[in-house]
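Structure first, commentary second.
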Amino acid sequence: MPSSARRRRSVAERFWTKVNRGAPEDCWTWNRSRNSHGYGQFKVLSGASPQKASRFAWVLTHGPIPGDLIVCHRCDNPPCCNPGHLFLGTHADNSADMIAKGRQRFGDPSALGERVRRLSDEEIHEARRLHCAGQSSRTIARRFGVHHTTIVRLANGRHWSNFPTEREPA
Ligand SMILES: [Zn+2]
């Protein structure tokens, strides 16, 4: 194994010791220094400029972040580093998501069910691939006929078991 892989693993170990990891659904709070907006700060190397801990949590879990995408919090909790609470988006997605959350809290299945169309595994794979390639969630959403927040959440790696399924006929 190349030495770079060993070094990367040790950075990951160092990173996760600074996170209060809990149950999968809980917020995993950064337990070290935070920036003025409340986001955890992490230095990959001593002397390097700090980066957002939540962003690094995403990179450790999913790999490099394409383009100028940003890591957003579904939980609206800046120090949270739970990869399950993070999703990739554009600045526009982030604003739209915040607006949507203001109207209707995320996690209300009846609200979400209205916009969710069940995608096949192949479609999910393709949607994730396009998102990673830098296509906007709105473009991908139009292609698959779903709401763009569905694509944002898919890009976060959520499984369909987390989504309400289509409603049974009454
Ligand atoms: Zn969280």
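The structure displayed is predicted, hence computed values, not measured ones. Ligands are counted one by one from 1 in listed order, and the atoms in each one are counted from 1 as well.
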Task: From CG (N82) to SG (C27), nearest 0.5 Å - done: 7.0 Å

TODO: Compare all side-chain heavy atoms of I65 with those of R55 and state whether any distance is below 4.5 angstrom.
DONE: yes

Open item on the list: Applying ring-ring contact (aromatic ring centres under 6.0 Å, His included), can you list everything that pairs with Y39, at least two apart in sequence or on another chain?
Closed with: H73

- [ ] Sorted by first residue and then second, give each side-chain hydrogen bond (donor to acceptor under 3.5 Å, both in side chains) pair with at least one member in residues 22-32; sequence neighbours left out.
- [x] N20-N31

TODO: Report the distance from atom CH2 of W58 to atom CG of L88, rounding to the nearest 0.5 Å.
DONE: 3.5 Å

TODO: Could you grab the protein N, O or S atoms closer than 2.8 Å to the Zn ion (ligand 1) for me?
DONE: C27 SG, C75 SG, C80 SG, H85 ND1

Task: Test side-chain hydrogen bond (donor to acceptor under 3.5 Å, both in side chains) applied to T139 - qualifying residues, sequence neighbours left out - done: S136

